[in-house]
Amino acid sequence: MDQSVSGIGVLDKAVAIIDALDKGPLPLSELVATTGLPKATVHRIALAMETHGLVQRDGEGRYGWGVRLAAPSLASAARPALEELRDTTGESTQLYVRRGDVRVCVASIESPHSLRTIVPVGAALPLSRGSAGRVFRGEGPWAESVEEREKGVASVSAPVVHDGRVFGAVSVSGPVERTTRAPGKRYAKAVVAAARQVEEALGWQ
């Protein structure tokens, strides 16, 4: 990139990196080749973008879109699966993405019951508690929690995976009196299926 498009060179370079990652994760060498920027420049800017959640590296060290870029398309793709999961279970459903040390709700479908779990879009919750937190910590193909984050509430979550990394977590949650104290037995299969639906909607399978 020899000339600034906007007059703010570093911004133009950051956008060039985002555009280069449009079709999927790239190692640093391919990112350099695609953008035409010096290796040191790409590395420096990509690290700064990673700090802000704009790019993210996978287990192989490849750079891909971070949660700040992926969350809107992820939420849109997840909505049909979340609605189906809500209809199947009768409970509220959510989609979370990780942002630093918290998980952020980017999509939420409420149960039709008057007594239900309500998680507003934009809510930032700890990774240390709740089934979605367990998913982001890598605890298996699904996870459950009972009254771990909130008294009287149980949940089950499954990871949305892309290129070997957990990009999001699909969850179903509701009052213990309906979900029981072993919600995984009741909902795990449906939650895992919903997570796979989201991956398929995004073309990740």
Side-chain angles (χ1 to χ4, degrees), residues 53 56 58-59 67 70-202 204-205:
Q56 183 175 334
D58 61 18
V67 294
S73 59
L74 192 59
S76 178
R79 190 170 186 85
L82 293 179
E83 290 177 344
E84 183 176 336
L85 182 61
R86 185 269 317 272
D87 294 343
T88 299
T89 63
E91 303 298 343
S92 298
T93 59
Q94 303 87 29
L95 175 71
Y96 296 95
V97 297
R98 181 171 184 168
R99 188 168 295 166
D101 295 328
V102 298
R103 52 186 169 99
V104 178
C105 181
V106 296
S108 181
I109 309 293
E110 292 184 13
S111 163
H113 296 291
S114 56
L115 180 62
R116 62 186 184 269
T117 304
I118 300 175
V119 182
V121 171
L125 304 176
L127 294 177
S128 58
R129 298 191 299 278
S131 61
R134 291 176 181 271
V135 163
F136 284 115
R137 299 200 306 267
E139 297 185 19
W142 62 270
E144 68 177 0
S145 71
V146 179
E147 297 188 313
E148 192 173 291
R149 189 180 64 81
E150 187 175 344
K151 187 174 177 59
V153 174
S155 67
V156 181
S157 299
V160 177
V161 179
H162 181 44
D163 283 323
R165 56 178 169 159
V166 177
F167 231 96
V170 170
S171 299
V172 60
S173 60
V176 173
E177 64 184 53
R178 287 199 304 267
T179 62
T180 78
R181 301 194 71 83
K185 291 182 179 180
R186 179 170 292 190
Y187 303 130
K189 185 176 180 180
V191 174
V192 170
R196 298 296 83 75
Q197 282 181 259
V198 176
E199 293 168 0
E200 290 174 6
L202 288 163
W204 290 353
Q205 284 193 352

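The CZ atom of R79 sits 9.0 Å away from the OG atom of S108 when rounded to the nearest 0.5 Å. To the nearest 0.5 Å, the span separating CG on D87 from CD1 on I109 amounts to 9.5 Å. Of the inter-residue distances, the one linking E199 atom CD with L74 atom CG reads 10.0 Å to the nearest 0.5 angstrom. The CD atom of E144 lies 12.0 Å from the OH atom of Y187; values are rounded to the nearest 0.5 Å.
With hydrogens and angles disregarded, no donor-acceptor distance shorter than 3.5 Å links the side chain of Q197 to the backbone of A81. Under a 3.5 Å cut-off, the side chain of R116 and the backbone N or O of E110 do not form any donor-acceptor pair. R149 contributes no side-chain N or O that, together with a main-chain N or O of L125, makes up a donor-acceptor pair within less than 3.5 Å. Using modelled atom types, no side-chain atom of E147 and backbone atom of V153 make a donor-acceptor pair closer than 3.5 Å. In this structure, R99 contributes its side chain and A124 its backbone to no donor-acceptor pair below 3.5 Å. When atom types are taken as modelled, the side chain of S92 and the backbone of S111 share a donor-acceptor pair closer than 3.5 angstrom. Judged by distance alone, with hydrogens and angles left aside, the side-chain atoms of R178 form a donor-acceptor pair with the main-chain N or O of L115 at under 3.5 Å.
For V119 against A123, the heavy-atom pair with the smallest separation is CG1-CB, 4.1 Å. Minimum interatomic distance between G90 and P112 (heavy atoms only, all atoms of both residues): O-CD, 3.9 Å. Contact detail for R134 and S145: the closest heavy-atom pair is NE-CB, 4.5 Å. The shortest non-hydrogen separation linking C105 to A107 is SG-O, 3.3 Å. Among all heavy-atom pairs drawn from T93 and L82, the shortest one is OG1-O, 3.0 Å. Taking both residues in full, the closest heavy atoms of A143 and V135 are given as CB-CG2, 4.2 Å, listed atom of the first, atom of the second, then distance.
A side-chain donor-acceptor contact under 3.5 Å links S157 and S171. Judged by distance alone, the side chains of T117 and E91 never bring a donor and an acceptor atom under 3.5 Å apart. Between the side chains of S131 and S155, a donor-acceptor pair is found at a separation under 3.5 Å.
Salt-bridge formation is not detected for the pair E83/R86: no Lys NZ or Arg NE/NH1/NH2 atom is positioned less than 4.0 Å from an Asp or Glu carboxylate oxygen.
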The test is side chain to side chain contact (heavy atoms under 4.5 Å, CB included); show your working for T179 and R186 and say whether it passes.
CA-CA 7 Å; T179 62; R186 179 170 292 190; 5.8 Å; no
Please assess T180 against K185 for the test side chain to side chain contact (heavy atoms under 4.5 Å, CB included), listing each intermediate value before the final yes or no.
CA-CA 9 Å; T180 78; K185 291 182 179 180; over 6 Å; no
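Judged by a 6.0 Å distance limit and a 45° cone about the ring axis, R103 is positioned over the six-membered ring of Y96.
Within the 4.5 Å cutoff, no side-chain heavy atoms of L202 are placed close to those of H162.
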